[in-house]
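In what follows, every chain begins at residue 1, and chains take the letters A, B, ... in the order their sequences are listed.
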2 protein chains.
Amino acid sequence: MNEQLQPLKKPTKTGKTRTGTQDDIVYAHIFDAILEQRLAPGTKLSEEALGEIFGVSRTIIRRALSRLAHEGVVLLRPNRGAVVASPSVEEARQIFFARSLVEKAITELAVQHASDAQLAELRQMVTDERDCFDRGDRGAGIRLSGEFHLRLAEAAKNAPLVSFQRSLVSQTSLIIAQYESGNRSHCSYDEHNELIDAIAARDSDKAVRLMMHHMDHIDSKLNLEEDSASGDLHAVFSHLGLAKKKPRTAR
Amino acid sequence: MNEQLQPLKKPTKTGKTRTGTQDDIVYAHIFDAILEQRLAPGTKLSEEALGEIFGVSRTIIRRALSRLAHEGVVLLRPNRGAVVASPSVEEARQIFFARSLVEKAITELAVQHASDAQLAELRQMVTDERDCFDRGDRGAGIRLSGEFHLRLAEAAKNAPLVSFQRSLVSQTSLIIAQYESGNRSHCSYDEHNELIDAIAARDSDKAVRLMMHHMDHIDSKLNLEEDSASGDLHAVFSHLGLAKKKPRTAR
DNA sequence: TATACAAGAATTGCAAACAATAAATCGGTG
DNA sequence: CACCGATTTATTGTTTGCAATTCTTGTATA
């Protein structure tokens, strides 16, 4: 009577077998679902529904949602529940700016501090990433691409930057899933490999240059110029210019 | 019977009258107490005790502690409760590195985007800060000094950076409270004023130079070289050299 | 005397019940 | 027929109680 449908294993395909607390497991499941776009931006995340799905109480769900909100992939409106975040173009720009800043610093630090073991692990991740795209699993590919940057941050050995990077990568993945233009060739694993080479050679200038180019590359793949179809109805129909102003002149 | 001892007003002396949800109120109270060093690093934060103090349930306390843990001012150990964080020297270095990075970017952005109203508000904050130090309220001074940098980040108009800055400023305040050397003349409100002048003049180079100097100044006021008294008993008494090695040679 | 073990106490983790708030539907009215 | 308001419903916010884990302290033994 106490047994769950399934004792809630973590879904990550990356070999993370760490069987964390329920909290972490639910968090990871929702997180992955969002980043793999199985949960579209704007989707409402009902506490009760999620609790039933995962076989846990709302307390757990609530905490997981709180963590996700902290990372910016979930929007938590008071008394109105949680929805999958849908970054606006302006927010996307801000995130990219911050991320470029952080990636530059991380690259410089990684050149100084990355161990050979960490570099080997990064290479393995690039391989996994390529496999995903070859297999056609675009969602997992995007997620692994993000995890690559997160691991690189860990190699930089600066805890606050890692934490910030985690948030930025999550949101970036969301943006990519939301704004990426048609061609799916954003798969940048070769750029990742070049980057590892430069870091392994301890060539700071080259590594930074590659990273910046990589960022520009990702950015250029998105169509952030005009608002693509968003959930904002007002924005969608604003060009019609037939907004019904409330007839009451003063109140 | 439902009435509280005091309906939990926010403690901030900065005029933030926004009466948020209970969650926010408790969060702000603990936050300020830590930053003003009324709660020393290492202090255990019992959920039940705090709940009784604030007149709310453990649930609220728990959430507040979770937020504080996210910002790094509280350490949340599973099944072991929460304690006020006590950053190590290495952690302090990492935080300062990240913060210098972020402050530089924020300064550049603030030069571009800060409105006159925001600059006026910043000047007011510096005045308040000076008043605090004149009044001898060191704790509040440290906190206001941090809030100045947070407001400056808001003037930069980049939400992710603001969020990160909030975390960094909190931890920096904790570090200052923990590691500041004797002389209390760290009060850097004049440097803050100079900084505002440069930003108001839209002189990016000068503003950045002043900010970097300001960071170095704060850094130099700390004695991060040797571990000062921490909660680690082993470290405190290590010089005595009478550590009892466990007699068992192998096990 | 020091170590190992065990029982007790205290504290956190979790879940279900209760209360409050916002959305939605239905009915009334100009 | 459109618009405004009250009731109903659904969902979130909060409290309380129970279960599980950990820390402490006391006791026995080598």
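With salt bridges taken as basic N to acidic carboxylate O contacts below 4.0 Å, one links Arg62(B) and Glu47(B).
For residues 55-84 of chain A, the pairs satisfying ring-ring contact (aromatic ring centres under 6.0 Å, His included) are His70(A)-His70(B), with sequence neighbours left out. Sequence neighbours left out, the pairs with a member in residues 64-82 of chain B that pass salt bridge (Lys or Arg N to Asp or Glu O under 4.0 Å) are Asp23(B)-Arg67(B), Asp24(B)-Arg67(B).
Between Arg63(A) and dC14(C) there is a side-chain N or O to OP1 or OP2 distance below 4.0 Å. OP1 and OP2 of dA10(C) both lie 4.0 Å or more from every side-chain N or O belonging to Lys44(B).
In this structure, Glu48(A) atom CD and dC18(C) atom P are separated by 15 Å, rounded to whole Å. Nucleotide dT12(C) holds its C1' atom 13 Å from the CG atom of Leu50(B), rounded to whole Å. Atom CD of Glu52(B) is separated from atom C1' of dA10(C) by 15 Å (rounded to the nearest Å). Atom-to-atom, CG of Asp24(A) to C1' of dG13(C) comes out at 13 Å; the value is rounded to the nearest Å. Put simply, CZ on Arg58(A) is 17 Å from C1' on dG13(C), counting in whole angstrom units. A straight line from CD1 of Ile61(B) to C1' of dT16(D) spans 15 Å, rounded to a whole angstrom.
Nearest to the side chain of Arg62(B), among dA15(C), dG13(C), dT11(C), sits dG13(C). Listed nucleotides: dT12(C), dT16(D), dA15(C). Nearest to the side chain of Ser57(B): dT16(D).
The nearest heavy atom of DNA chain C to Thr59(A) and to Leu45(B) marks one nucleotide each, and the one closer to the 5' end goes with Leu45(B).
Among residues two or more places apart in sequence or in another chain, the salt bridge (charged side-chain N to carboxylate O under 4.0 Å, His left out) test is passed with Glu91(B) by none. With sequence neighbours left out, the side-chain contact (heavy atoms from CB on, under 4.5 Å) criterion links Leu101(A) to Ala105(B), Leu161(B).
Of the residues in residues 69-85 of chain A, those placing a heavy atom less than 4.0 Å from an atom of DNA chain C are Asn79(A), Arg80(A), in numerical order.
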Taking only nitrogen or oxygen atoms into account, show me every contact under 3.5 Å that the protein makes with nucleotides 5-9 of chain D, one pair per line with its distance.
none

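Looking at Glu52(A), its side chain never comes within 3.5 Å of a backbone N or O of Ala49(A) through a donor-acceptor pair.
A donor and an acceptor atom, one from each side chain of Gln165(A) and His149(A), are nowhere located under 3.5 Å apart. If you check the side chains of Arg99(B) and Thr172(B), you find a donor sitting under 3.5 Å from an acceptor. Gln178(B) and Gln37(B) are not linked by any side-chain donor-acceptor pair at a separation below 3.5 angstrom, with hydrogens and angles left out of the test.
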